[in-house]
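What follows is a set of notes on a single structure, which appears directly below.
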Amino acid sequence: MNKPVVLVAEELSDAGLAVLGADFEVRHTDGADRSQFLPALADVDALIVRSATQVDAEAIAHAPKLRVVARAGVGLDNVDVEAATKAGVMVVNAPTSNITSAAEHTIALILASARNVAQAHGALKNGEWKRSKYTGVELDEKVVGILGLGKIGQLVAQRLQPFGVEIIAYDPYLQPARAAAMGVRLVTLEEVLQQADFITVHLPKSKETIGLIGEREMHQVKPTVRLINVARGGIIDENALYSAIKEGRVAGAGIDVFPKEPVTDSPLFELDQVVVTPHLGASTHEAQEKAGTQVARSVKLALAGEFVPDAVNVQGGAVAEDVKPGLPLTERLGRIFTALAGEVATRLDVEVRGEIASQDVRVLELAALKGVFTDVVTDAVTYVNAPLLAKDRGTVVELVTSSESPDWRNVITVRGVLADGRTVSVSGTLSGPRQIMKLVEVNGFAMEIEPTDHLAFFTYTDRPGIVGIVGRLLGEHRVNIASMQVARGEKGGKALIALTVDSAIPDDVVEQIAAEIGSDSGRTVDLED
Ligand SMILES: NC(=O)c1ccc[n+]([C@@H]2O[C@H](COP(=O)([O-])OP(=O)(O)OC[C@H]3O[C@@H](n4cnc5c(N)ncnc54)[C@H](O)[C@@H]3O)[C@@H](O)[C@H]2O)c1
Ligand SMILES: O=C(O)[C@H](O)COP(=O)(O)O
């Protein structure tokens, strides 16, 4: 069988390649060179990039087999996540891999800018011993303004605290109490501009943040301010920064990122007050190893159709430890649902009841959909394309949660309404310390059986002799019964017989059983992959 193809379009750490292992055909290309990159996408299953490869709609259209784009780093501004989602392609990143490196690089640029390290270094190496020209400033008792107090902004704040600075931050999406707990005062953008001696940017690049620090803002800052950008080029307007430094309205800058990269000529490069690095924030051995291994793991999960905690274009995000064991159970319930229904539901409720319902359980809805469609379409069903499949087929899906679960600690139900108005439902739980999967309800009948690979359900009218008939017919056809349960509403009423068997029951045997016991519905469920 052909191995899935993983295209590595930028440098990936050896550790990352090692995680991929021998199960994949790993190819390499230069993602920054479109004439190489686009044709290389033709038959790839996964693509791994850093920030230099533009994974736009055109690239995605060149990759008909693509199932996952993995960004070995944080920023996703080079990946068209919307186009990927439309094409059913999962996008993952390595959200924490390089944050320490980026924060440390920020500190390096703050200090380098404060003490003119790069300029003095260059001068001395050029034979110039200049001391007064490179007199700097202390950090002690200065005000540092952080724009964007997210993962990196917070690490920067922690690392700056011992320098004796006052830290203020602008981040309208953060609770002031959370910032206060870090010793940071949340203020408005104007207050940062007016009060800070150093301003460091840690924002995502977005429509809102492009040019956030532009001409107008450069007129509001102290003339002694130093601006640092280790986030993304363009958040600080380069031309406005150039004029402000030239005109003495800004004292200096430390810049790691540029609006267009790579870049070797920028007006900023002529200014002695500016220290620059070529997007080195994440360029440490440690960050690259973490980014490489994290995305390689995500690629493996994604190609196996498993849930990928770092996926950015599926609902759910990171999965709580208590919720994780529910994923295979719910997926199995989805598959059993489809086998019982024999068609796609018009409406599907995924009910989560019990203790786990207090957590973020949206991923269980995805797991149910993945199961529901696994035996319906030929293509691999993933956590990304399962909701798209539901939408395409007109299935309205709802997640229902409740902390009430009278019989079990947690119960998950997949219940659907079919086109003719019939309802099909199946519920399961994880039982005991070993968290064994149990089916606890099928179409309103209570039971307790393991959802093994081969199941069968027959409804009939309650009367004596049914178990014997079913046992005899299966025995005659050499199908071994592992367990059998009978459930009924009332004596002589509608009843259900549920079986787990060691091999698939042939269709003609199902028909024979149904005919002999007068079953109006005989369904088998075969889940062996
Ligand atoms: N130079 C590098 O090598 C390097 C390395 C890693 C990350 N980065 C970049 O650093 C930036 C920050 O990364 P992170 O991991 O800390 O991201 P994050 O998402 O954890 O933090 C971003 C913060 O910005 C805030 N924010 C968003 N929009 C805002 C707005 N309009 N105004 C004010 N605040 C806003 C958010 O609330 C959040 O707290 C990203 O641009 C990322 O691409 C660069
Ligand atoms: O967003 C990021 O992760 C950083 O900017 C690092 O980008 P890189 O992987 O191209 O170094």
Side-chain angles (χ1 to χ4, degrees), residues 8-13 16 31-32 48-55 70-79 81 91-109 145-159 168-176 178-179 182 184 186-193 199-214 217 228-236 254-259 261-262 276-292 294-295 310 312 317-318:
V8 179
E10 290 179 62
E11 205 177 327
L12 186 71
S13 67
I48 300 181
V49 299
R50 284 178 63 182
S51 61
T53 306
Q54 292 305 315
V55 189
R71 158 67 165 114
V74 175
L76 281 162
D77 42 309
N78 56 321
V79 179
V81 179
V91 177
V92 305
N93 67 352
T96 55
S97 56
N98 58 31
I99 55 174
T100 301
S101 291
E104 289 181 359
H105 196 63
T106 305
I107 305 293
L109 288 185
I146 298 180
L147 304 182
L149 196 58
K151 294 187 292 296
I152 297 171
Q154 291 179 24
L155 292 180
V156 169
Q158 271 175 14
R159 279 152 182 73
I168 56 176
Y170 168 62
D171 190 328
Y173 305 107
L174 199 76
Q175 294 298 326
R178 180 129 169 65
M182 294 178 244
V184 179
L186 277 189
V187 296
T188 62
L189 178 59
E190 282 66 34
E191 285 170 305
V192 170
L193 296 172
I199 296 176
T200 180
V201 179
H202 300 288
L203 298 163
K205 188 170 184 174
S206 66
K207 279 191 206 109
E208 254 181 86
T209 63
I210 291 175
L212 190 74
I213 310 300
E217 289 72 23
I228 311 298
N229 188 3
V230 182
R232 278 293 177 269
I235 298 175
I236 296 180
I255 307 288
D256 182 48
V257 283
F258 300 88
E261 296 177 3
V276 288
T277 46
H279 202 152
L280 289 185
S283 293
T284 61
H285 295 296
E286 293 85 350
Q288 287 315 306
E289 187 162 322
K290 280 184 258 181
Q294 282 173 23
V295 293
D310 287 340
V312 299

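As the structure lists them, so they are numbered: ligands from 1, and atoms in each ligand from 1. Note that the structure is predicted; figures quoted are calculated from it, not measured.
- Side-chain contact between Y170 and L193: absent, with no pair of heavy atoms (C-beta onward) separated by less than 4.5 Å.
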Q: Kindly determine whether S13 and Q288 satisfy side chain to side chain donor-acceptor pair (under 3.5 Å), including the steps that lead there.
A: CA-CA 6 Å; S13 67; Q288 287 315 306; over 6 Å; no

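- Taking a 6.0 Å sphere around CD of E190, one finds it holds more than 12 heavy atoms contributed by other residues, nucleotides or ligands.
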Q: Test E104 against T284 for side chain to side chain contact (heavy atoms under 4.5 Å, CB included), laying out the working first.
A: CA-CA 10 Å; E104 289 181 359; T284 61; 5.7 Å; no

Q.
Using the rule given for side chain to side chain contact (heavy atoms under 4.5 Å, CB included), can you reason through L212 versus L189, listing the C-alpha separation, both sets of side-chain angles and the distance that settles it, and then say yes or no?
A. CA-CA 9 Å; L212 190 74; L189 178 59; 4.2 Å; yes

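- For E289, there are no side chain to side chain donor-acceptor pair (under 3.5 Å) partners, not counting sequence neighbours.
- Contacts of D171 classified as salt bridge (Lys or Arg N to Asp or Glu O under 4.0 Å), with partners at least two apart in sequence or in another chain: none.
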Q | Stepwise side chain to side chain contact (heavy atoms under 4.5 Å, CB included) test for S283 and R50 | A | CA-CA 11 Å; S283 293; R50 284 178 63 182; 3.6 Å; yes

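- Side-chain contact of D256 with T277: a donor-acceptor pair under 3.5 Å is present, judged by distance alone.
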Under a 3.5 Å threshold, I'd like every N/O contact between ligand 1 and protein atoms, with atom names and distance.
| residue | atom | partner | partner atom | Å |
| --- | --- | --- | --- | --- |
| ligand 1 | 1 (N) | V230 | O | 2.9 |
| ligand 1 | 1 (N) | D256 | OD2 | 3.0 |
| ligand 1 | 3 (O) | H279 | NE2 | 3.3 |
| ligand 1 | 3 (O) | G281 | N | 3.4 |
| ligand 1 | 3 (O) | A282 | N | 3.1 |
| ligand 1 | 15 (O) | K151 | NZ | 3.4 |
| ligand 1 | 16 (O) | K151 | N | 3.4 |
| ligand 1 | 16 (O) | I152 | N | 2.8 |
| ligand 1 | 20 (O) | K151 | N | 2.9 |
| ligand 1 | 20 (O) | K151 | NZ | 3.0 |
| ligand 1 | 31 (N) | E208 | OE1 | 2.9 |
| ligand 1 | 37 (O) | D171 | OD1 | 2.8 |
| ligand 1 | 37 (O) | D171 | OD2 | 3.2 |
| ligand 1 | 39 (O) | G150 | N | 3.3 |
| ligand 1 | 39 (O) | D171 | OD2 | 2.6 |
| ligand 1 | 41 (O) | L203 | O | 2.7 |
| ligand 1 | 43 (O) | R232 | NH2 | 3.4 |

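- Protein residues lining ligand 2, listed by chain and number: R50, S51, R71, A72, G73, V74, G75, N98, R232, H279, A282 [non-hydrogen atoms, distance under 4.0 Å].
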